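To find a chain, count down the sequence lines: A is the first, B the second, and so on, and within it residues start at 1. Please read all numbers here as calculations on a predicted model, not as lab measurements.
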Protein chains: 2
Amino acid sequence: MIDNQLIAKLKAKHIKITPKREAILQLFLNRECCFSPDQVWGHLRKQFKHCGLPSVYRNLELFAQHGVLTKIQKTDRRLYYALCKDHDDHPHYHMICVDCGRVEDVPTNIVPEVDKVKGFKILKHFYQAEGVCQQCAN
Amino acid sequence: MIDNQLIAKLKAKHIKITPKREAILQLFLNRECCFSPDQVWGHLRKQFKHCGLPSVYRNLELFAQHGVLTKIQKTDRRLYYALCKDHDDHPHYHMICVDCGRVEDVPTNIVPEVDKVKGFKILKHFYQAEGVCQQCAN
DNA sequence: AAATAAATAGAAATGATTTCTATTTAAGGG
DNA sequence: CCCTTAAATAGAAATCATTTCTATTTATTT
Ligand SMILES: [Mn+2]
Ligand SMILES: [Mn+2]
Ligand SMILES: [Zn+2]
Ligand SMILES: [Zn+2]
(Lines give C-alpha, C1' and ligand atoms only; values in the text may rest on other atoms or scores of the structure.)
(Ligands and ions follow the chains in the order given, each with its own letter.)
Protein backbone atom coordinates (compact mmCIF):
# COMPACT_ATOMS: atom_id res chain seq x y z
CA MET A 1 0.00 0.00 0.00
CA ILE A 2 2.27 2.74 1.25
CA ASP A 3 5.47 3.66 -0.49
CA ASN A 4 8.09 1.18 0.75
CA GLN A 5 10.99 3.30 -0.33
CA LEU A 6 9.66 6.10 1.83
CA ILE A 7 9.25 3.76 4.80
CA ALA A 8 12.78 2.48 4.35
CA LYS A 9 14.07 6.02 4.23
CA LEU A 10 12.34 6.87 7.49
CA LYS A 11 13.54 3.69 9.21
CA ALA A 12 17.08 4.50 8.16
CA LYS A 13 16.62 7.78 10.01
CA HIS A 14 15.42 5.88 13.12
CA ILE A 15 11.94 7.30 12.79
CA LYS A 16 9.30 4.96 14.17
CA ILE A 17 6.62 3.92 11.73
CA THR A 18 3.34 4.36 13.54
CA PRO A 19 -0.13 3.84 12.08
CA LYS A 20 -0.85 7.56 12.25
CA ARG A 21 2.36 8.37 10.43
CA GLU A 22 1.57 5.85 7.73
CA ALA A 23 -1.91 7.31 7.34
CA ILE A 24 -0.52 10.83 7.04
CA LEU A 25 1.92 9.78 4.35
CA GLN A 26 -0.79 7.84 2.59
CA LEU A 27 -2.98 10.93 2.45
CA PHE A 28 -0.23 12.97 0.83
CA LEU A 29 0.63 10.14 -1.56
CA ASN A 30 -2.97 9.67 -2.65
CA ARG A 31 -3.79 13.31 -3.27
CA GLU A 32 -0.88 15.49 -4.30
CA CYS A 33 -2.26 18.52 -2.54
CA CYS A 34 -1.16 20.69 0.32
CA PHE A 35 -2.98 20.20 3.60
CA SER A 36 -3.14 22.16 6.82
CA PRO A 37 -2.64 20.30 10.10
CA ASP A 38 -6.32 20.72 10.73
CA GLN A 39 -7.21 19.15 7.40
CA VAL A 40 -4.90 16.21 8.05
CA TRP A 41 -6.45 15.83 11.48
CA GLY A 42 -9.93 15.79 9.99
CA HIS A 43 -8.82 13.02 7.68
CA LEU A 44 -7.18 10.94 10.40
CA ARG A 45 -10.20 11.10 12.67
CA LYS A 46 -12.16 9.13 10.11
CA GLN A 47 -9.79 6.20 10.60
CA PHE A 48 -8.75 6.50 14.22
CA LYS A 49 -11.02 6.78 17.19
CA HIS A 50 -8.40 8.63 19.20
CA CYS A 51 -6.27 11.18 17.45
CA GLY A 52 -4.53 14.21 18.91
CA LEU A 53 -4.06 17.38 16.93
CA PRO A 54 -0.65 18.07 18.52
CA SER A 55 0.58 14.73 17.14
CA VAL A 56 -0.44 15.85 13.67
CA TYR A 57 1.47 19.10 14.08
CA ARG A 58 4.53 17.23 15.35
CA ASN A 59 4.52 14.66 12.59
CA LEU A 60 4.03 17.14 9.79
CA GLU A 61 6.92 19.18 11.11
CA LEU A 62 9.00 16.01 11.50
CA PHE A 63 8.41 15.03 7.90
CA ALA A 64 9.25 18.55 6.78
CA GLN A 65 12.51 18.46 8.74
CA HIS A 66 13.46 15.28 6.91
CA GLY A 67 12.56 16.57 3.46
CA VAL A 68 9.56 14.33 2.97
CA LEU A 69 7.13 17.24 3.12
CA THR A 70 7.65 20.84 2.17
CA LYS A 71 5.99 23.90 3.65
CA ILE A 72 3.60 25.81 1.42
CA GLN A 73 2.91 29.51 1.85
CA LYS A 74 -0.68 30.56 1.39
CA THR A 75 -2.15 33.99 1.90
CA ASP A 76 -4.13 32.92 4.98
CA ARG A 77 -0.78 32.53 6.76
CA ARG A 78 -1.66 29.15 8.18
CA LEU A 79 0.60 26.09 8.02
CA TYR A 80 0.39 23.95 4.91
CA TYR A 81 2.46 20.97 3.91
CA ALA A 82 2.79 19.08 0.67
CA LEU A 83 4.69 16.03 -0.48
CA CYS A 84 8.09 16.83 -1.90
CA LYS A 85 9.20 14.04 -4.16
CA ASP A 86 12.37 15.54 -5.61
CA HIS A 87 13.81 15.91 -2.15
CA ASP A 88 16.79 18.19 -2.67
CA ASP A 89 18.17 16.04 -5.46
CA HIS A 90 17.31 18.69 -8.01
CA PRO A 91 16.64 22.36 -7.39
CA HIS A 92 12.96 23.01 -7.92
CA TYR A 93 10.13 25.14 -6.68
CA HIS A 94 6.47 24.54 -5.96
CA MET A 95 3.47 25.57 -7.94
CA ILE A 96 0.12 25.53 -6.13
CA CYS A 97 -3.31 25.40 -7.71
CA VAL A 98 -5.48 28.00 -6.00
CA ASP A 99 -8.54 25.95 -6.89
CA CYS A 100 -7.77 22.38 -5.82
CA GLY A 101 -4.57 22.81 -3.83
CA ARG A 102 -2.54 20.56 -6.12
CA VAL A 103 1.19 21.04 -5.69
CA GLU A 104 3.63 20.37 -8.51
CA ASP A 105 7.40 20.18 -8.28
CA VAL A 106 8.83 22.33 -11.03
CA PRO A 107 12.52 22.15 -11.85
CA THR A 108 14.20 25.52 -11.91
CA ASN A 109 17.45 27.09 -12.90
CA ILE A 110 16.79 30.27 -10.95
CA VAL A 111 20.02 31.08 -9.21
CA PRO A 112 20.42 34.12 -7.04
CA GLU A 113 23.07 36.16 -8.82
CA VAL A 114 22.24 39.17 -6.71
CA ASP A 115 25.12 39.02 -4.26
CA LYS A 116 27.03 41.01 -6.83
CA VAL A 117 24.34 43.67 -7.22
CA LYS A 118 24.02 44.88 -3.66
CA GLY A 119 26.82 43.16 -1.80
CA PHE A 120 24.39 40.76 -0.14
CA LYS A 121 25.64 37.31 0.76
CA ILE A 122 22.60 35.16 0.01
CA LEU A 123 21.95 32.34 2.44
CA LYS A 124 18.70 31.04 1.07
CA HIS A 125 15.97 31.97 -1.32
CA PHE A 126 12.40 30.96 -1.88
CA TYR A 127 10.27 30.90 -4.95
CA GLN A 128 6.67 29.82 -5.24
CA ALA A 129 4.02 30.21 -7.90
CA GLU A 130 0.24 30.13 -7.67
CA GLY A 131 -2.21 29.50 -10.45
CA VAL A 132 -4.76 27.15 -11.89
CA CYS A 133 -3.81 23.62 -12.83
CA GLN A 134 -4.73 21.99 -16.11
CA GLN A 135 -7.51 19.88 -14.58
CA CYS A 136 -9.12 22.85 -12.85
CA ALA A 137 -8.92 25.04 -15.94
CA ASN A 138 -11.53 22.86 -17.64
CA MET B 1 10.49 65.95 7.51
CA ILE B 2 8.31 63.22 6.06
CA ASP B 3 8.30 62.43 2.37
CA ASN B 4 5.87 64.90 0.80
CA GLN B 5 5.45 62.87 -2.34
CA LEU B 6 4.27 59.98 -0.22
CA ILE B 7 1.82 62.20 1.67
CA ALA B 8 0.45 63.57 -1.61
CA LYS B 9 0.01 60.05 -2.90
CA LEU B 10 -1.98 59.06 0.18
CA LYS B 11 -4.14 62.19 0.08
CA ALA B 12 -4.93 61.48 -3.55
CA LYS B 13 -6.24 58.13 -2.38
CA HIS B 14 -8.41 59.89 0.25
CA ILE B 15 -6.41 58.44 3.10
CA LYS B 16 -6.37 60.71 6.13
CA ILE B 17 -2.97 61.78 7.31
CA THR B 18 -2.93 61.24 11.05
CA PRO B 19 0.01 61.76 13.39
CA LYS B 20 0.28 58.01 13.99
CA ARG B 21 0.35 57.30 10.28
CA GLU B 22 3.02 59.90 9.75
CA ALA B 23 5.08 58.39 12.55
CA ILE B 24 4.73 54.90 11.07
CA LEU B 25 5.88 56.08 7.67
CA GLN B 26 8.71 58.03 9.25
CA LEU B 27 9.96 54.90 10.99
CA PHE B 28 10.09 52.95 7.75
CA LEU B 29 11.70 55.88 5.91
CA ASN B 30 14.39 56.32 8.54
CA ARG B 31 15.41 52.69 8.86
CA GLU B 32 14.93 50.57 5.76
CA CYS B 33 14.11 47.46 7.71
CA CYS B 34 11.14 45.22 8.07
CA PHE B 35 9.14 45.60 11.27
CA SER B 36 6.43 43.54 12.91
CA PRO B 37 3.27 45.32 14.11
CA ASP B 38 4.52 44.82 17.64
CA GLN B 39 7.84 46.46 16.85
CA VAL B 40 6.09 49.43 15.24
CA TRP B 41 3.84 49.68 18.26
CA GLY B 42 6.84 49.70 20.58
CA HIS B 43 8.26 52.56 18.57
CA LEU B 44 5.05 54.58 18.53
CA ARG B 45 4.55 54.29 22.25
CA LYS B 46 7.71 56.32 22.80
CA GLN B 47 6.06 59.27 21.04
CA PHE B 48 2.39 58.87 21.87
CA LYS B 49 0.91 58.45 25.31
CA HIS B 50 -2.11 56.60 23.93
CA CYS B 51 -1.56 54.15 21.13
CA GLY B 52 -3.63 51.11 20.24
CA LEU B 53 -2.07 48.01 18.76
CA PRO B 54 -5.10 47.34 16.52
CA SER B 55 -4.54 50.72 14.89
CA VAL B 56 -1.01 49.70 14.07
CA TYR B 57 -2.22 46.47 12.49
CA ARG B 58 -4.85 48.34 10.49
CA ASN B 59 -2.48 50.99 9.23
CA LEU B 60 0.25 48.58 8.23
CA GLU B 61 -2.27 46.56 6.27
CA LEU B 62 -3.68 49.74 4.73
CA PHE B 63 -0.25 50.82 3.56
CA ALA B 64 0.37 47.36 2.16
CA GLN B 65 -2.91 47.42 0.26
CA HIS B 66 -1.84 50.67 -1.35
CA GLY B 67 1.63 49.48 -2.27
CA VAL B 68 3.48 51.69 0.18
CA LEU B 69 4.60 48.75 2.29
CA THR B 70 5.25 45.17 1.28
CA LYS B 71 4.82 42.06 3.35
CA ILE B 72 7.94 40.16 4.30
CA GLN B 73 7.99 36.44 5.02
CA LYS B 74 10.13 35.35 7.92
CA THR B 75 10.47 31.88 9.35
CA ASP B 76 8.72 32.84 12.59
CA ARG B 77 5.55 33.23 10.53
CA ARG B 78 4.65 36.55 12.07
CA LEU B 79 3.64 39.64 10.11
CA TYR B 80 6.42 41.87 8.85
CA TYR B 81 6.24 44.90 6.64
CA ALA B 82 8.88 46.91 4.84
CA LEU B 83 8.93 50.02 2.70
CA CYS B 84 8.50 49.30 -0.97
CA LYS B 85 9.90 52.19 -2.95
CA ASP B 86 9.66 50.76 -6.47
CA HIS B 87 5.93 50.30 -6.08
CA ASP B 88 5.03 48.10 -9.01
CA ASP B 89 6.75 50.36 -11.49
CA HIS B 90 9.47 47.80 -12.05
CA PRO B 91 9.30 44.10 -11.28
CA HIS B 92 11.54 43.40 -8.34
CA TYR B 93 11.84 41.18 -5.33
CA HIS B 94 12.99 41.69 -1.77
CA MET B 95 16.19 40.68 -0.12
CA ILE B 96 16.23 40.61 3.68
CA CYS B 97 19.27 40.72 5.94
CA VAL B 98 18.86 38.04 8.59
CA ASP B 99 21.09 40.06 10.89
CA CYS B 100 19.72 43.61 10.84
CA GLY B 101 16.44 43.16 8.98
CA ARG B 102 17.42 45.52 6.18
CA VAL B 103 15.25 45.10 3.10
CA GLU B 104 16.51 45.89 -0.39
CA ASP B 105 14.50 46.12 -3.54
CA VAL B 106 16.25 44.08 -6.21
CA PRO B 107 15.17 44.36 -9.83
CA THR B 108 14.50 41.02 -11.45
CA ASN B 109 13.82 39.54 -14.82
CA ILE B 110 12.50 36.28 -13.40
CA VAL B 111 9.40 35.48 -15.38
CA PRO B 112 7.37 32.37 -14.78
CA GLU B 113 7.68 30.46 -18.03
CA VAL B 114 6.31 27.37 -16.41
CA ASP B 115 2.76 27.50 -17.72
CA LYS B 116 4.14 25.64 -20.69
CA VAL B 117 5.81 22.96 -18.59
CA LYS B 118 2.86 21.64 -16.64
CA GLY B 119 -0.13 23.35 -18.15
CA PHE B 120 -0.47 25.64 -15.15
CA LYS B 121 -1.93 29.09 -15.68
CA ILE B 122 0.15 31.17 -13.30
CA LEU B 123 -1.71 33.92 -11.46
CA LYS B 124 1.05 35.20 -9.25
CA HIS B 125 4.46 34.30 -8.04
CA PHE B 126 6.65 35.25 -5.15
CA TYR B 127 10.39 35.36 -4.77
CA GLN B 128 12.34 36.40 -1.74
CA ALA B 129 15.96 36.03 -0.70
CA GLU B 130 17.60 36.05 2.71
CA GLY B 131 21.19 36.73 3.52
CA VAL B 132 23.65 39.06 5.14
CA CYS B 133 23.95 42.63 3.96
CA GLN B 134 27.24 44.34 3.24
CA GLN B 135 27.19 46.37 6.46
CA CYS B 136 26.53 43.31 8.62
CA ALA B 137 29.17 41.22 6.89
CA ASN B 138 31.90 43.40 8.42
C1' DA C 1 -16.94 76.85 13.69
C1' DA C 2 -19.99 72.88 12.47
C1' DA C 3 -20.76 68.58 10.13
C1' DT C 4 -19.35 64.10 8.86
C1' DA C 5 -17.10 60.14 7.77
C1' DA C 6 -12.96 57.98 9.08
C1' DA C 7 -9.60 56.72 12.62
C1' DT C 8 -8.60 55.51 17.16
C1' DA C 9 -8.07 53.37 22.04
C1' DG C 10 -9.00 49.93 24.89
C1' DA C 11 -11.00 45.87 26.12
C1' DA C 12 -12.31 41.53 24.71
C1' DA C 13 -12.60 37.58 21.59
C1' DT C 14 -10.54 34.49 18.41
C1' DG C 15 -8.19 30.58 16.95
C1' DA C 16 -4.06 28.53 15.23
C1' DT C 17 -0.15 26.63 17.33
C1' DT C 18 2.48 25.02 21.35
C1' DT C 19 3.34 23.10 25.85
C1' DC C 20 2.69 19.74 29.40
C1' DT C 21 2.21 15.17 31.41
C1' DA C 22 0.54 10.74 32.14
C1' DT C 23 -0.18 6.78 29.23
C1' DT C 24 0.66 3.91 25.28
C1' DT C 25 3.39 1.83 21.77
C1' DA C 26 7.03 0.54 18.14
C1' DA C 27 11.35 -1.52 17.71
C1' DG C 28 15.15 -4.37 19.02
C1' DG C 29 17.44 -8.02 21.72
C1' DG C 30 17.02 -12.02 24.37
C1' DC D 1 7.49 -14.66 21.40
C1' DC D 2 8.33 -11.64 25.83
C1' DC D 3 10.93 -7.56 27.98
C1' DT D 4 12.88 -3.31 27.95
C1' DT D 5 13.20 1.30 26.76
C1' DA D 6 13.05 5.35 24.36
C1' DA D 7 9.88 7.51 21.54
C1' DA D 8 5.13 8.70 20.32
C1' DT D 9 0.61 9.81 21.67
C1' DA D 10 -3.97 11.81 23.58
C1' DG D 11 -6.10 15.16 25.87
C1' DA D 12 -6.30 19.17 28.35
C1' DA D 13 -4.52 23.52 28.96
C1' DA D 14 -1.69 27.52 27.85
C1' DT D 15 0.13 30.80 24.64
C1' DC D 16 -0.02 34.73 22.03
C1' DA D 17 -0.31 36.98 17.56
C1' DT D 18 -4.10 38.81 15.29
C1' DT D 19 -8.93 40.35 14.87
C1' DT D 20 -13.31 42.15 16.36
C1' DC D 21 -16.20 45.39 18.71
C1' DT D 22 -17.80 49.87 20.28
C1' DA D 23 -17.73 54.26 22.21
C1' DT D 24 -14.90 58.27 21.60
C1' DT D 25 -11.89 61.30 19.09
C1' DT D 26 -10.12 63.51 15.07
C1' DA D 27 -8.85 65.06 10.16
C1' DT D 28 -11.04 67.01 6.46
C1' DT D 29 -14.58 69.53 4.03
C1' DT D 30 -18.10 73.08 4.23
MN1 LIG E 1 9.25 19.56 -3.90
MN1 LIG F 1 9.73 46.65 -3.05
ZN1 LIG G 1 -6.30 22.43 -9.55
ZN1 LIG H 1 22.25 43.64 7.74
Side-chain angles (χ1 to χ4, degrees), chain A residues 2 4 6-27 34-66 68-69 71-81, chain B residues 2 4 6-27 34-66 68-69 71-81:
Chain A
I2 194 168
N4 279 316
L6 200 48
I7 297 294
K9 179 183 172 179
L10 294 172
K11 285 198 170 177
K13 289 168 179 280
H14 304 291
I15 293 173
K16 284 188 185 177
I17 308 302
T18 68
K20 307 279 167 68
R21 284 180 178 172
E22 284 196 20
I24 291 172
L25 291 176
Q26 194 62 62
L27 171 65
C34 58
F35 294 107
S36 66
D38 197 67
Q39 290 173 322
V40 173
W41 190 44
H43 185 260
L44 289 192
R45 286 199 291 178
K46 295 177 193 164
Q47 308 173 48
F48 300 94
K49 193 178 171 190
H50 296 279
C51 187
L53 184 54
S55 291
V56 176
Y57 273 88
R58 247 183 299 104
N59 284 325
L60 292 177
E61 188 54 33
L62 179 82
F63 289 143
Q65 296 294 338
H66 289 85
V68 176
L69 297 180
K71 289 192 185 186
I72 298 297
Q73 307 274 355
K74 298 187 101 177
T75 44
D76 62 10
R77 298 180 18 82
R78 287 159 53 187
L79 282 169
Y80 287 92
Y81 295 86
Chain B
I2 196 171
N4 278 316
L6 199 48
I7 295 294
K9 179 182 173 180
L10 294 172
K11 285 198 170 178
K13 288 168 179 279
H14 304 291
I15 293 172
K16 285 189 185 175
I17 308 303
T18 68
K20 307 277 167 68
R21 286 181 175 170
E22 285 196 20
I24 291 172
L25 290 175
Q26 194 63 63
L27 171 64
C34 59
F35 294 107
S36 66
D38 196 69
Q39 289 173 323
V40 174
W41 190 45
H43 184 260
L44 288 192
R45 285 200 292 178
K46 295 176 192 165
Q47 308 173 48
F48 300 94
K49 193 179 171 191
H50 296 278
C51 187
L53 185 53
S55 291
V56 176
Y57 273 89
R58 246 183 301 103
N59 284 324
L60 293 176
E61 189 55 33
L62 178 84
F63 289 144
Q65 297 294 337
H66 289 85
V68 176
L69 297 180
K71 289 192 185 187
I72 298 296
Q73 307 276 356
K74 298 186 97 175
T75 45
D76 62 9
R77 299 179 19 81
R78 285 160 54 187
L79 283 169
Y80 286 93
Y81 296 87

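- Side-chain polar atoms of B:Glu61 and B:Tyr81 form a donor-acceptor pair below 3.5 angstrom.
- When each of D:dT28, D:dG11, C:dG10 is scored by its nearest atom to the side-chain atoms of A:Pro54, the top-ranked nucleotide is D:dG11.
- Here B:His14 does not reach the OP1 or OP2 of C:dA6: none of its side-chain N or O atoms lies under 4.0 Å away.
- For A:Arg77, no side-chain nitrogen or oxygen approaches OP1 or OP2 of C:dA16 to under 4.0 Å.
- If you check every strand for non-hydrogen atoms under 4.0 Å, B:Arg21 touches sugar and phosphate atoms only.
- What separates OH of A:Tyr81 from P of C:dA16 is a distance of 15 Å, to the nearest Å.
- For the pair B:Tyr57 and D:dT19, the criterion of a side-chain N or O lying under 4.0 Å from OP1 or OP2 is not met.
- B:Asn59 pairs in a side-chain contact (heavy atoms from CB on, under 4.5 Å) with only one of the listed residues (B:Ile24, B:Leu69, B:Leu25), which is B:Ile24.
- Figure legend: B:Lys20 and B:Phe48 shown as a cation-pi pair, the cationic atom lying under 6.0 angstrom from the six-membered ring centre and within 45 degrees of its axis.
- For A:His50 and D:dT9, the shortest distance from a side-chain N or O to OP1 or OP2 is not below 4.0 Å.
- Between the P atom of C:dA9 and the CZ atom of B:Phe48 lies a distance of 9 Å, rounded to the nearest Å.
- Each of C:dG10, D:dT19, C:dT8 was ranked by its minimum atom distance to the side chain of B:Arg58; first place goes to C:dT8.
- Look at CG on B:Leu53: it is 17 Å from P on D:dC21, rounded to the nearest Å.
- Between A:Thr18 and D:dA7, a side-chain N or O to OP1/OP2 separation shorter than 4.0 Å is absent.
- The shortest side-chain heavy-atom distance between A:Leu60 and A:Leu79 does not fall under the 4.5 Å cut-off.
- Shortest non-hydrogen contact noted between A:Tyr80 and A:Ser36 is CD2-N, 3.5 Å.
- In this structure, the CZ atom of B:Arg45 is 11 Å from the P atom of C:dA9, given to the nearest Å.
- If you check every strand for non-hydrogen atoms under 4.0 Å, A:Ile17 touches sugar and phosphate atoms only.
- Look at NZ on A:Lys20: it is 9 Å from P on C:dT25, rounded to the nearest Å.
- The interatomic distance linking B:Leu62 (CG) with C:dA5 (P) rounds to 19 Å, in whole Å.
- Atoms NZ (A:Lys13) and P (D:dA8) sit 14 Å apart, rounded to a whole Å.
- Contact annotation for A:Asn59: backbone-only contact, meaning every heavy-atom pair under 4.0 Å involves sugar-phosphate atoms and none involves a base.
- Straight-line distance from the NZ atom of A:Lys16 to the C1' atom of D:dT5: 8 Å, rounded to whole Å.
- Each of A:Lys49 and B:Arg78 was matched to the nucleotide of DNA chain D holding its nearest heavy atom; the match closer to the 5' end belongs to A:Lys49.
- One finds a side-chain N or O of A:Ser55 lying less than 4.0 angstrom from the OP1 or OP2 phosphate oxygen of D:dA10.
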